[in-house]
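Read the structure below first, then the notes.
The sequence lines fix the lettering, A, B, ..., with proteins before strands; numbering per chain opens at 1. Below, each value reflects all heavy atoms present in this structure, side chains not excepted, and no hydrogens, waters or symmetry copies. These figures come from a predicted structure and were not determined experimentally.
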Amino acid sequence: MTALLTIIVLLLVAIAIWQMTKIFELSQSGSDDSQIANDKDNKINGYLMFGFLIFIYLLTIYSFYAWGDVILGTPASEHGPQYDNLMGISMALIFFVQIVTQALLYFFAYKYRGQVGKKALFYADNDKLEFIWTIIPVVVLAGLILYGLFTWTTLMDIDEEEGDPIIIELYAQQFNWKARYAGDDNVLGQANVRLIDINKNNVIGIDEADSYGEDDIVSQTELHLPVGRKVIFKMRSQDVLHSAYMPHFRAQMNCVPGMITQFSFTPTITTEEMRLDPDISEKVQKINKIRAERRANGDDNADAWEFDYVLLCNKICGSSHYNMQMKIVVESQEEFDAWLDGQQTFKETIASAE
Amino acid sequence: MSAHASDTHLEDHAHDHGHHHKETFITKYIFSQDHKMISKQYLITGLIMGVIGIAMSLLFRMQIAWPGESFKTFEVLLGKWAPDGVMDPNIYLALVTIHGTIMVFFVLTQGLSGTFSNLLIPLQIGARDMASGFMNMVSYWLFFVSSIIMVISLFVEAGPAAAGWTIYPPLSALPQAQGGSGLGMTLWLVSMAIFIASSLLGSLNYVVTVINLRTKGMSMTRLPLTIWAFFVTAIIGIVSFPVLLSAALLLIMDRSFGTSFFLSDIFIQGEVLHYQGGSPVLFEHLFWFLGHPEVYIVLLPALGITSEIIATNSRKPIFGYRAMVASILAIAFLSTIVWGHHMFVSGMNPFLGSVFTFTTLLIAIPSAVKAFNYITTLWKGNLQLNPAMLFSIGLVSTFITGGLTGIILGDSALDINVHDTYFVVAHFHLVMGISALYGMFAGIYHWYPKMFGTMMNKNLGYIHFWITAICAYGVFFPMHFVGMAGVPRRYYTNTNFPMFDDLTNVQVVMTVFALIAGAAQLIFAWNFVHSIFYGKKAPQNPWNSNTIEWTTPVEHIHGNWPGAIPEVHRWAYDYSKTNEDGEYVIPGQDFVPQTVPLQENEEELNH
Ligand code: HEM
Ligand SMILES: [Cu+2]
Ligand SMILES: [Cu+2]
C-alpha cells in the first residue's frame, strides 16, 4: 500500500518536474540559449527567493503546530527545570537570529535581483560594521557560556558526602541493563568482569571476597528510585560502549568498558504523579489513539500504553541497540524500601545458586 | 587585456610546451598528470560514490518511516540482508555507517576538495600545473583504490563495517560484538588508511603549489578566497589526518595483534578477553582530533567556492575580504581545539568539558562574521541568479540554520540531553552535509564551462536547485523535533516500544521529502552527462569573472596558457568599480579582470 503510494508520489513529482521545465523554457524569450541568467531568469528566481523565505517561515510554524507536542515535556529531576530554562533561552535566541538573518538573505536576493544596466554598489569594506557584528556575538555568547558552565559545573560536581545520596550502579551489556543497589551499607562491593561466574549467578562480577558486596542487590528488570533523594549512578559496561540515557530526567552518561563513569540527579516526580501531568497524559492519549488504530488493523505491537520513565541506550552498540532499555520506577521512599526488601541480596543469590 | 610578457623563465617554459610530447590515451585520460584531467577524475569518482551514499540514505530512511515493512527494493538491493524484503537490523547499521563514511570522506572531502583544489589552484594563481604532477596522479589513484576497497567491503559475507562512521571500539574491534567488525571493518580500515595517504599527498601538493607557483603580481593578499580556503584546508588536513591514521593503526593492532590500546576488561559471549588497561576514550580523543577539523575540511572549500561565486554574480566585491581571510584562519586554528565537544558525556573529566564549551562557542564568532559578510555582499548588488548563485545563497541559508543549533550542542550542559539524538543528525546535516553539498553543486555549475568547455542547461539547474532546497529543509527541519523528543540516532526502529509512536507521521514526511530530493538529483545527473556531449559550447568567460582561470582558452591545453602566464595587477574583486566620475573603470564593462593594470586616475584599494 505505502509502496504504491510512494510510487504515485514519485510519478506525480516526475510529471511536475517535466511541466516545470516546460514553464521555464516557455518563459525564456525566444532564441537566447546562452545558458546564462538573463533578466527574466533573475526575475523569476528573485521572486522564488522571496517565496522560499515564506516557505521557511511556514515550515517553521507548521512544524510547531503539528509536532510541537512531541518534545519531552515536564522534566522529572531537580536540575531539569534549570536545563529546560537554559534550553528555552538559547532556543529563543537562535530563533530570533534565524528569523532575522534568513529574512535579510532572501529579501536581498529578491530585492537586488539583476537587471541589465543596473549598477551594483562597489562596497568592499566597513570596519565599524564588522566590528559591531563581531562584538555582538562575543557578548551574547559570553553570557550563554557563563550560564551554561554554571549549570554544567554544579551538575557534574558529584559529591558523595553531601545530602545523603543513594549509590546505584548501572551495568550495561549487549543488549540489556542491570542495576545494582549498594544495600544497607550504601557502599558498592568491588566488581570486575573477570569475576563473572554464571554458574553461581554472579552475572556482573561482584567480588565475593569483598564484604561490602554481600548486601548488594542486583535488579535485572526494573530500576527503582526513591523520589526526592539524590542518586549517584556509577556506570559500567562489560563489552562495548553504551550510553545510559534517561531523557525525562535530562540525564546521560556513557558506559565505558574498563572504567567507571558517573552521573547524579535527584528525581522529583513519581511515576504516578507524572502520569497525571497534563503534557504527559495528552501525549499518552495521542499515542494510544494511534495504537488503537493499529490494533484495529490487526497489528500485534499495539497494546494500550501506560506512561513509564525509561532508561535507553544511546550509543551504538550492535544489532539490538534500538531495543536496549529498562523501565524506571520513581516512587515514595516507603514503596522503594518495600520493593528493595523483596529483592535478593548478593549473598542470598550466591547461596541459592550453590 | 592581454598578458604582459614579463618573465623570461615562464616564456621558456611556454616554449617547451610548444613541441608536444606525444600523448597516448592512457597518459591523457587514465594516468594523467594534468591537473585539469585529475580534477575531472576526482569529480566523477566522487559523484559515483555520492550516488551510492545517497541511495543508502534513502534505503534506511524508508526503514525508519515504515519500520519492518517489506519492500521489493530492499530485497533486490540488499539480497540476503533483507529476507522477504524486510531490512535486517545489522544491515541498517551498516548502511548508516557506510553512508556517513562515503558522504563525509569520499564525496565531500576528496570529491569536493580534490576536484576544485586541483582545477582551481593552478588556474587561479597562474601556474602551469601542480608543483608535482606525479604526486598528484598518485594521490588520485590512491583515492580510487580506497574507493574500490570501500565498495568491495559492502559484499563481505559477514557484512560491512557497522559501528557508525566514528568506529568507536570496542564495538569496531570485536567481531564477537558485531558481524561487521570482522573482515568488513578490516577493509574499512585499510580503505581509510589509503584514503589518508591520498589526502596527505594531495594536501602537500596544494600547499606547495600555492606558496611557490603564484604568477607575478599574485601576492597572498590578491588571492581569490577560493584559493585561501583550499590552502588553509590543506594545512588542516596535513595537521589532523595523520592522527586518524595513527588511531586506525592502533585499532588494527588491537584487532589483529592482541594489543590493548583501546580495550580493557571485556566479557563477551560467555568469556573474558585478555585485554587489559586500554581506554576507548583515548580512541575518541584521537578520532575527534581529526573528526572535528574534518567538518571544516569539508566546509571551508565550499565556503571559498561560494565567496567567489557570490561576489561574481552579485557584481560586487566580496564584503570584508580581510575579515573573510581572517575568519578562515581563525576557524582553522580553533577547529583543532574543539574536538572535545563530541565527548561531553563520554566520561572524560568534566572540567575538560568546560574548556571545550568555551573554545566551541568561540568558533561561532568567525562563522557568524562570514554569514554577515555574505549577506552584506548581496546588499545593493546586481544579482545574476545563475544556478551556481542559487546554490551559493542556499549554502548561506543552511549554514546559518545548522550553525545556530551548534550553539546548543556546543554548550556542555545542554548537550547532555540531545547528545546522540536526531537533533545532532539534523544539526550536522544542515551545517556540514547540505551546506557543503550546495557548495559542491555551486562549484560544478560555475566551473563546468572551464572543465568541459560546454554549458550546463540552466533551466534544469533551476529545477534541481528549487526541489533540492525545499526537500533539504523538509527532511532536516522537522528532524530537530524528533531529536527534542529524545529519539536516539542509529535506532533500527523507533516503534519497538510505544514511547515514540507519535513520531511516525513526522518520520514519513521526512522520508517522502528525502525520496523526492533523491529523485531530483537524477535531473542533475542527466544535465551533467548530457551537457558534456551536447551542451552549448562555452564562451571564454561566461560569468564575466575577474579571476584568471577565465583567460585560458576553452579547449584544455597542457600548461594552461598558450603563451606566457599572465601577470596580475589587482585583487579578484573589482566588480562594478567606478572612478570619481561614476563611470566604470573600463567603460561599459562592470568588471576589471585581475590581469588589467591599474588605470589612469584609478584609485587602488588598500586590501
Ligand atoms: C538525501 C540526503 C540525506 C539523507 C536523507 C540523510 C539521512 C541520514 C540519516 C537519517 C542519518 C542518521 C541515521 C541514524 O543515526 O540512525 C544519517 C547519518 C549520517 N549522514 Fe546523512 N543523509 C543525507 C545526506 C548526507 C550528506 C550530504 C552527508 C554529508 C556530510 C551525510 C552525512 C551523514 C553522516 C556523517 C551520518 C552519520 C553516520 C553515523 O551515524 O555513523 N548525509 N543520514
Ligand atoms: Cu547499548
Ligand atoms: Cu566537532
Under 4.5 Å from a heavy atom of chain B, the part of M246(A) involved: backbone

Approximate separation, where rounding is to 0.5 Å, of S243(A) OG and H419(B) NE2: 6.0 Å

Interchain contact, L93(A) with chain B, by part (heavy-atom threshold 4.5 Å): neither

Interface moiety of A65(B) toward chain A, non-hydrogen atoms closer than 4.5 Å: neither

R291(A) versus chain B, the contacting section by heavy-atom distance below 4.5 Å: side chain

Contact class of V284(A) relative to chain B, heavy atoms under 4.5 angstrom: neither

Side-chain (T454(B)) to main-chain (S531(B)) donor-acceptor, under 3.5 angstrom: yes

Toward chain A, the part of P169(B) with a non-hydrogen atom under 4.5 Å: backbone

Under 4.5 Å from any heavy atom of chain B - which part of M259(A): side chain

Pick from Q276(B), M62(B), M456(B) with the largest number of heavy-atom pairs that fall under 4.5 Å of chain A: Q276(B)

Heavy-atom proximity to chain A below 4.5 Å, by part of L414(B): both

K316(B) (side chain) donor-acceptor with G381(B) (main chain) under 3.5 angstrom: no

Top contributor to chain B contacts, counting heavy-atom pairs under 4.5 Å, from V256(A), T134(A), I136(A), I196(A): I196(A)

Lys/Arg cation over aromatic F497(B): K327(A), 6.0 Å, 45° cone: no

Any donor-acceptor N/O pair, S181(B) side chain to L171(B) backbone, under 3.5 Å: yes

Check: N457(B) side chain, L460(B) main-chain N or O, donor-acceptor pair, under 3.5 Å: yes

Proximity breakdown for H248(A) and chain B, heavy-atom pairs closer than 4.5 Å: side chain

Part of K380(B) within contact of chain A (heavy atom distance under 4.5 Å): both

Residue selection (most heavy-atom pairs with chain B, distance under 4.5 Å) from M91(A), Q262(A), E130(A), R113(A): E130(A)

Residue D157(A) versus chain B: region with a heavy atom under 4.5 Å: neither

Part of F55(A) within contact of chain B (heavy atom distance under 4.5 Å): side chain

For chain B, the option from I198(A), I260(A), L59(A) that forms the most heavy-atom pairs under 4.5 Å: L59(A)

Side-chain donor/acceptor of Q173(A) to backbone N/O of Q238(A), under 3.5 Å: no

Contact winner vs chain A - Y473(B), F465(B), W379(B), heavy-atom pairs under 4.5 Å: W379(B)

Stepwise side-chain contact (heavy atoms from CB on, under 4.5 Å) test for M484(B) and M87(A): CA-CA 11 Å; M484(B) 300 282 281; M87(A) 181 65 102; 4.2 Å; yes

Heavy-atom proximity to chain B below 4.5 Å, by part of D239(A): both

Choice from F319(B), Y275(B), Y168(B) maximising heavy atom contacts with chain A below 4.5 Å: F319(B)

Parallel, tilted or perpendicular: ring planes of Y573(B) versus Y575(B), cut at 30 and 60 degrees: tilted

Exercise: do Y83(A) and T151(A) side chains pair donor with acceptor under 3.5 Å: no

Choice from M235(A), M156(A), K43(A), Q325(A) maximising heavy atom contacts with chain B below 4.5 Å: Q325(A)

Contacting region of T261(A) [heavy-atom separation from chain B under 4.5 Å]: side chain

Pairs of heavy atoms under 4.5 Å with chain A: top-ranked of T504(B), V418(B), L378(B), I467(B): L378(B)

salt_bridge(K286(A), D501(B)) N-O dist < 4.0 Å: no

Option in L104(A), T153(A), N192(A) with maximal non-hydrogen atom pairs under 4.5 Å from chain B: N192(A)

Interface moiety of A302(A) toward chain B, non-hydrogen atoms closer than 4.5 Å: neither

Any side-chain donor near an acceptor of the partner, S320(A) and Q174(A), under 3.5 Å: no

Option that, when pairs with chain A are counted at under 4.5 Å, heavy atom only, ranks first among V272(B), T401(B), I523(B): T401(B)

Part of L93(B) lying under 4.5 Å from any heavy atom of chain A: side chain

Check: T357(B)/S412(B) side-chain N/O donor and acceptor closer than 3.5 Å: yes

Part of Y147(A) within contact of chain B (heavy atom distance under 4.5 Å): neither

Which portion of A177(B) sits near chain A, non-hydrogen atoms under 4.5 angstrom: both

Residue among L105(A), T60(A), D303(A), D84(A) with most heavy-atom pairs under 4.5 Å to chain B: L105(A)

Under-4.0 Å salt bridge between D420(B) and K315(A): yes

Atom group of F150(A) that falls short of 4.5 Å from chain B, counting heavy atoms: neither

Lys/Arg N to Asp/Glu carboxylate O, D265(B) vs R236(A), below 4.0 Å: no

Chain A contact via D411(B) - side chain, backbone, both or neither, heavy atoms under 4.5 Å: side chain

Side chain to side chain donor-acceptor pair (under 3.5 Å) between W466(B) and N45(A), worked out: CA-CA 9 Å; W466(B) 287 112; N45(A) 285 291; 2.8 Å; yes

Side chain to side chain donor-acceptor pair (under 3.5 Å) assessment of N42(A) paired with Q115(A): CA-CA 7 Å; N42(A) 289 337; Q115(A) 262 167 16; over 6 Å; no

Contact leader toward chain A among I268(B), V508(B), I375(B), where contacts are heavy-atom pairs under 4.5 Å: I375(B)

Test of ring centre spacing under 6.0 Å for Y491(B) and Y322(A): no

Under-4.0 Å salt bridge between K283(A) and D502(B): yes

Part of L155(A) within contact of chain B (heavy atom distance under 4.5 Å): side chain

